[in-house]
Amino acid sequence: MNVLRSAAVLAAVAVIGAAAPAAADSSPSPSPALPSALYGDGDPRYDGVWRQSLALLAQHTAGVEPPKAAVDWLTGQQCADGSFAPYRADPAKACDAKTMVDTNQTAAAVQALAALGGHDDVTDKAVDWLKSAQNKDGGWGYTAGGASDTNSTSVVIGALSASGGNPAEVKKDGRSPYDALLKLALPCEGDGAGAFAFQPDKKGELVANADATAAGVLGSLGKGLVTGPGKARNADAGCEKADGPAQAAANGAAHLTDALAEDAHLTSALPGAEDQPDYGNTADAVVALAAQGATEQAGKSLAWLEENAADWAAQSGPAAYAQLVFAAHAAGADPRDFGGTDLVKQLTATGPSASGGALEATAKAKDDKDEPDSGFGVWWFVGVCLVAGIGIGILISGRRKRRQP
C-alpha cells in the first residue's frame, strides 16, 4: 500500500504550510548528504525510513539477503521510545520534541525488520510505541494524537500482524483497529459504495479514495505490505452492509474491481491537471485484490503494470520498485521477469551494494530536480498538499456507482 502518499500530505502541510510558493522557490534548501547505506539518491528527509523499509522487505520477499549496512542503518534510526522519524541525519543525537516521528515510518520499519528476523528488541519497542499512540476510536493517525485515517491504521495493523500480534486484541477504550476501519468504510448506497475514505472531510462525510481503499482492504484482512494470493472469491458480488472487517474488505475489493474494469489502472486526479495513470496506486490495488482473492482483476492490472510501469519505477526509485515486487508476489508472478524487467536486480542496484552506492539503474531515467525517491513527483506532492489543505480526498479514483445485488 502506498501509505506514504497520504502520510506525506499531512507531514508536508504541517512542515511547509503553503506548498505552491515553496515549490516555486528557485533556491531550495540543499539536500542532506546521503548515507552510504541508504537506498535511493533522493532527499531522505520525508521518506528515508519508509523507502529503506520497503526496499529491505522487497528484497527479503524475493529471496535476497539485504546488505548488513542497510539493515543497521534502519535499526539505527530508531528513537529511544521506539518510534521512527523519516530521517535522522545524526542518529547519535537523541530524539526530542522536535523530532518528527510518525506511525507510518515506524510501522513500515517493524514490517521489514520482523520479516528479516533477529531484531525483536527493535520491533518490540516500536510496537509498544505504536500501541501508546492508538486513538480512542481504535485507529491511528499519521502522527501520535492525529485523527485516525485508513492508511495509517492499516499499515499499523500490518506491523502488529508481522510482529506476531493479534490486531483485534489491541484496543483503546474497548475499540480495536478494525472498529476504526469500519467507521471509515462507505455504505453500499451512493457514489463510492463500498470504498474506504482516507478521513471524513470537513463536513464529516466520507469520500471514496482509491489509495485508502487499497490500504483498507489489506488492513481489514489483517495483512501487511507483503501478502500472497488469497482464496479465490466472486469479485462480482454486490456490496453488502459491512458487519465486520471481512465484509468491509470484500466491499472495498469490489469497488477497486469496478474502478479498474475499464482501463486496468487507476488514475490520479489533481486540480487543474489532466488525469494521469497512477502506477503506485494500481500496484497497491493489485496487492489488495490478490489478498482478497479477486485474482482475475489483479492479474489484468498486473499485466498493465508489466507493460507500462518500467519508466515510472526507474524515475521514482526504490519504493516504487518495492511496490511492484509486492504486486508481483501477491499475484503469484515472478518479479525477476516483470515485463522483461528484473525488478529485484533494479531494486538492488539502488542500494549500498551497487558500485558507488547510488542509483545506477535509474540514473539515466531520473531527473533529480523533479523526481524525488519516495515514489511520487514534486508536483504530485505539491498538488496533494494543496488538496489536503482544503479538506478534499487525495488520489480519488473515478467514483463509479457500485452494482447492487
Looking only at heavy atoms, what is the nearest atom pair of [X] and [Y], with distance?
X	Y	answer
Cys188	Ala193	O-CB, 3.5 Å
Leu56	Ala70	CD2-CB, 3.9 Å
Arg45	Pro86	O-CB, 3.4 Å
Gln78	Val122	NE2-O, 3.0 Å
Ala322	Leu54	CB-O, 3.5 Å

Qualifying disulfide bond (SG atoms under 2.5 Å apart) pairs, either residue in residues 65-159, two or more places apart: Cys79-Cys95
All pairs passing disulfide bond (SG atoms under 2.5 Å apart) where residues 120-183 contributes a residue, at least two apart: none
Pairing of Lys203 and Asp201 as salt bridge, 4.0 angstrom limit: no
Check against side-chain contact (heavy atoms from CB on, under 4.5 Å), Asp96 and Thr99: CA-CA 5 Å; Asp96 56 24; Thr99 306; 3.4 Å; yes
Answer with yes or no whether the side chains of [Y] and [X] bring together a donor and an acceptor at under 3.5 Å.
X	Y	value
Thr350	Gln346	no
Glu240	Asn251	no
Ser154	Asn151	no
Asp102	Thr143	no
Asp278	Thr267	no

By ring-ring contact (aromatic ring centres under 6.0 Å, His included) - contacts of Trp304 (at least two apart): His265, Tyr279
Which value, rounded to the nearest 0.5 Å, describes the distance between [X] atom [atom1] and [Y] atom [atom2]?
X	Y	atom1	atom2	result
Leu266	Asn281	CG	CG	5.0 Å
Thr295	Leu302	OG1	CG	12.0 Å
Thr153	Leu184	OG1	CG	6.5 Å
Leu225	Leu218	CG	CG	8.0 Å

Side chains of [X] and [Y]: closer than 4.5 Å at any heavy-atom pair?
X	Y	value
Phe84	Val101	no
Leu34	Pro44	yes
Gln59	Tyr39	yes
Pro91	Gln77	yes
Ser163	Asp124	no
Val71	His119	yes
Trp140	Ser148	no
Asp179	Asp137	no

Show the atom names and distances, to 0.1 Å, of all donor-acceptor pairs under 3.5 Å that link a side chain in residues 167-174 to residues at least two apart or in another chain.
| from | atom 1 | to | atom 2 | distance (Å) |
| --- | --- | --- | --- | --- |
| Glu169 | OE2 | Asn166 | ND2 | 3.4 |
| Lys172 | NZ | Gln134 | O | 3.1 |

Step-by-step side-chain contact (heavy atoms from CB on, under 4.5 Å) determination, Leu74 to Ser53: CA-CA 7 Å; Leu74 179 58; Ser53 299; 3.7 Å; yes
Run the side chain to side chain donor-acceptor pair (under 3.5 Å) test against [X] and tell me which residues pass, sequence neighbours left out.
X	value
Asp243	none
Thr123	none
Ser132	none
Asp72	Lys68

Leu38/Arg51 under side-chain contact (heavy atoms from CB on, under 4.5 Å): CA gap, chis, key distance, verdict: CA-CA 9 Å; Leu38 181 67; Arg51 75 178 187 232; 3.2 Å; yes
side-chain contact (heavy atoms from CB on, under 4.5 Å) between Tyr87 and Asp47, intermediate numbers included: CA-CA 7 Å; Tyr87 177 70; Asp47 78 321; over 6 Å; no
Residues that Ala248 engages under side-chain contact (heavy atoms from CB on, under 4.5 Å), provided they are two or more places apart: Leu182, Phe196, Ser220, Ala242
Results of side-chain contact (heavy atoms from CB on, under 4.5 Å) for Ala159 - residues two or more places apart only: Ala107, Val110, Gln111, Leu130
Under the salt bridge (charged side-chain N to carboxylate O under 4.0 Å, His left out) test, residues paired with Glu296 that sit two or more places apart: Lys300
Qualifying side chain to side chain donor-acceptor pair (under 3.5 Å) pairs with a residue from residues 327-342, counting only residues at least two apart or across chains: none
